[in-house]
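Below, read A as the first sequence line, B as the second, and so on, with proteins coming before strands; counting in each chain starts at 1.
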2 protein chains.
Amino acid sequence: MNKRPTIRDVAAMAGVSVATVSRVLSGDYPVANATRTKVQRAVRELDYVVNAHARALSGSTSNVVALVMYDVVTPFFAFIASGVEYQATESDRLCLVCTTHGDPDRELEIVKLMREQHADAVILVGGVNMTDDYRERMYRYAKGLEDAGSRLVLCGRPSLGPDFPAITVEYDNAGGAFSATSHLLSSGHRRIAMLGGPIGNTTFDARLDGYRRALEAFRVSVDPALITHGDMSQDSGFRQVQRLLADGVEFTAIFAANDFVAAGAMRALRAAGKSVPDDVSVIGYDDTPFAPELTPALTSVHLPHEELGRTAVKLALQRGEGSTRQHVMLGTHIAMRDSVRPLI
Amino acid sequence: MNKRPTIRDVAAMAGVSVATVSRVLSGDYPVANATRTKVQRAVRELDYVVNAHARALSGSTSNVVALVMYDVVTPFFAFIASGVEYQATESDRLCLVCTTHGDPDRELEIVKLMREQHADAVILVGGVNMTDDYRERMYRYAKGLEDAGSRLVLCGRPSLGPDFPAITVEYDNAGGAFSATSHLLSSGHRRIAMLGGPIGNTTFDARLDGYRRALEAFRVSVDPALITHGDMSQDSGFRQVQRLLADGVEFTAIFAANDFVAAGAMRALRAAGKSVPDDVSVIGYDDTPFAPELTPALTSVHLPHEELGRTAVKLALQRGEGSTRQHVMLGTHIAMRDSVRPLI
DNA sequence: ACGATTCTAGAAAGCGTTTACCCTACGCGT
DNA sequence: ACGCGTAGGGTAAACGCTTTCTAGAATCGT
């Protein structure tokens with residue numbers, strides 16, 4: 001195992017000073033052609049690569065963006081990660097990925113690690129419980145990261161206000177729920193069950209809010225019996241529908257907090273001998289890749305996942321005045337498939 | 001924006017030398033309790049965090065593992081990534097994620113970046129085209145990374161031989177295909193179509209090989225008309241079945257190269273008025289999360305995705321003799337569901 | 001009570017870059 | 001001819017940490 005060559009070795013072989021080598025490599029400073037060639041030859045000869053840590057230490061930019069999310073396999077997160085990774089490499093950055101699995105301690109740990117790394121940007125993804133504790137925590141994060149020269153980006157979660165030192169990139173969560181519910185309403189449905197997610201989570205609260213607003217816009221009263229809660233799993237959807245059925249609640253349509261819940265709901269309906277969409281229409285949220293594969297293909301609210309990720313990186317990396325506290329909201333649309341049918 | 005504090009600031013505030021602060025922080029060297037407390041107080045007071053780059057430069061371990069894969073959203077990769085991320089944080093490492101989208105130039109670029117970063121491990125994931133060019137490329141990678149102090153790990157792709165300076169962590173790809181095919185054969189099926197992936201790819205070649213070996217074991221002759229190829233998408237599965245049907249090829253079961261292909265195949269069968277599993281049994285590969293959600297729920301070969309990732313990291317990080325060239329093979333099993341039925 | 005250990009902690013030499021600063025030589029306007 | 005601006009390149013000082021070397025103080029054995 002050879003010792004890896006340093007810039008000094010290159011300088012020696014090329015017969016120039018280290019400064020010259022550095023200049024050839026970064027390409028900013030004028031260097032005579034003959035010299036440049038000599039250096040480049042030496043670099044190739046020695047198979048030299050710079051030491052990123054030395055460069056970061058000296059130059060003080062690490063070329064890394066960090067992505068912090070719940071997990072890596074849920075399509076919602078995976079697609080945002082995909083956008084982040086895409087834009088990061090586009091911008092010549094590397095992409096650090098960390099998961100919290102919902103553990104605030106782990107999150108704190110990660111933010112600390114990112115301060116150590118001097119990440120150019122730290123992107124926190126996904127809904128949260130908007131408590132005072134949360135706000136305070138974020139404020140500490142923002143301060144710490146700012147001192148380390150990093151940008152904090154809140155992605156797919158609400159802004160903490162225009163004065164908060166972070167960039168926010170969200171999608172129109174409530175708007176999507178409004179559209180979905182309106183779609184059912186304008187198809188004639190009036191008894192629409194809302195299978196919600198965990199209470200208190202910004203993402204699912206907003207979806208519930210959109211549902212309510214749509215009903216109000218159509219002058220349909222909100223029946224609390226139609227609103228249930230659970231976690232975001234298929235099992236949860238299954239059980240919520242079972243409960244509804246057992247309780248004898250009447251409904252002709254379901255708006256599910258996300259596609260997993262919708263899938264579980266459809267399974268429960270099938271188990272109960274009800275047909276989708278003939279007896280009950282179902283609409284999901286997130287437009288997960290498996291939505292079109294379900295039977296029937298699931299109508300769902302499509303999110304610009306990848307663009308959320310890309311935008312987060314783009315804004316964070318864009319140096320300039322006032323760029324530290326921006327707020328972008330991306331739109332959603334309904335992907336119409338076969339799980340919704342007009343009520344005759 | 002305050003300038004971030006350095007170890008000198010901490011030392012000054014605590015009234016000790018920087019060496020002492022460093023020792024308190026890393027915790028290896030004996031330090032008097034009183035001193036330790038003073039230092040810790042100063043650290044807290046200043047909200048100090050070490051500079052990872054300075055540490056890496058000085059200490060020469062970066063605490064980063066790098067994951068290089070085709071993309072980030074395909075479940076196969078996402079689950080391996082999950083395992084890698086899990087084990088990495090378990091081992092106090094950060095996880096860099098890069099995607100190639102199949103571009104060898106990008107891969108080369110990434111390996112170079114990882115040499116710059118002094119990643120502890122570089123994990124290359126997924127099947128490849130096993131050409132001489134590929135071997136040579138890997139050899140260059142291995143050399144370059146070795147000099148940079150990194151371990152090269154081949155994950156979910158074949159070993160390059162016991163002398164090749166890399167760790168290999170694969171799953172029994174052909175074995176899984178053998179089991180799947182055997183499952184169909186022992187259910188009485190004899191005309192089993194194999195919907196293959198791209199020709200030349202180690203992953204799909206191995207699956208085809210397992211299929212062949214199972215037929216031979218059951219003394220069923222291999223009919224080339226039953227073997228088709230395509231890419232790994234649902235569309236591909238759809239078209240391959242359409243073609244088979246159009247050509248009038250007889251079959252009572254399908255073994256698909258992966259679950260996406262299987263999903264497309266089931267769609268094509270349904271479109272042709274054939275029932276799964278009454279008319280045709282179908283079995284997939286990878287046991288993707290949507291497999292149980294299909295109608296009927298898809299029987300599939302389950303892979304230890306997460307364990308592949310975890311093992312890759314574990315082996316790479318385990319220092320010791322001979323640990324640079326190991327070969328681990330993990331097993332698979334069939335997840336039985338509703339898409340296979342015995343032939344009466 | 002005295003040399004020999006054992007603790008504890010500081011000084012300083014790197015680690016491999018970048019970059020501010022300095023110097024030389026050359027071309028050019030006047 | 002002469003000063004001057006500029007291209008080209010070298011020197012050395014950071015950057016913030018780890019770690020070796022060294023040494024004083026405290027403890028111990030006899």
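Residue pairs meeting the side chain to side chain donor-acceptor pair (under 3.5 Å) criterion with at least one partner in residues 13-23 of chain B, sequence neighbours excluded, are B:S17-B:T20. Every pair passing ring pair (Phe, Tyr, Trp, His ring centres under 6.0 Å) that includes a residue from residues 40-68 of chain B is listed here, sequence neighbours excluded: A:H53-B:H53.
Applying the side chain to side chain contact (heavy atoms under 4.5 Å, CB included) test to A:V49 and every residue at least two apart in sequence or in another chain returns A:R4, B:K112, B:R115, B:E116. In this view, B:T61 and B:N63, B:D120 satisfy the side chain to side chain contact (heavy atoms under 4.5 Å, CB included) rule, not counting sequence neighbours. With sequence neighbours left out, A:Y171 forms a ring pair (Phe, Tyr, Trp, His ring centres under 6.0 Å) with no residue at all.
As a whole-Å value, the separation of A:L57 CG from D:dT18 C1' is 12 Å. Rounded to whole angstrom, the span from the CZ atom of A:R8 across to the C1' atom of D:dG10 amounts to 13 Å. Summarising the geometry, the separation between CG on B:D147 and C1' on C:dG16 is reported as 17 Å, rounded to the nearest angstrom. The separation between B:I7 atom CD1 and C:dA12 atom P is 17 Å, rounded to whole Å. If you take CG of B:D9 and P of D:dC17, they are 9 Å apart, rounded to a whole angstrom. In this structure, the CZ atom of A:R55 is 15 Å from the P atom of C:dG16, given to the nearest Å.
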Extract all donor-acceptor atom pairs below 3.5 Å that involve side chains of residues 152-164 of chain A and protein atoms in other chains or at least two apart in sequence.
from	atom 1	to	atom 2	distance (Å)
A:R157	NE	A:G126	O	2.8
A:R157	NH1	A:Y134	OH	3.0
A:R157	NH2	A:G126	O	3.4
A:S159	OG	A:G161	N	3.0

Side-chain polar contacts of residues 27-42 of chain B - donor-acceptor pairs under 3.5 angstrom, sequence neighbours left out - could you list them?
from	atom 1	to	atom 2	distance (Å)
B:D28	OD1	B:S26	OG	3.0
B:R36	NH2	B:V31	O	3.1
B:T37	OG1	B:N33	O	2.8

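Comparing D:dC17, C:dG10, C:dT17 by their closest approach to the side chain of B:A54 singles out D:dC17. Comparing D:dG10, D:dG9, D:dG16 by their closest approach to the side chain of A:T35 singles out D:dG9.
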Produce the list of close N/O pairs, under 3.5 Å, pairing protein atoms with atoms of nucleotides 19-24 of chain D; give distances to one decimal.
from	atom 1	to	atom 2	distance (Å)
D:dT20	O4	B:R23	NH1	3.2

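Note on the helix from C:dA1-D:dT30 to C:dT30-D:dA1: terminal axis deviation equals 30°, with five pairs used at each end and the result rounded to 10°.
A:D103 places none of its side-chain heavy atoms less than 4.5 Å from the side chain of A:E109.
Judged by distance alone, the side chains of A:S91 and A:Q87 do bring a donor and an acceptor atom under 3.5 Å apart.
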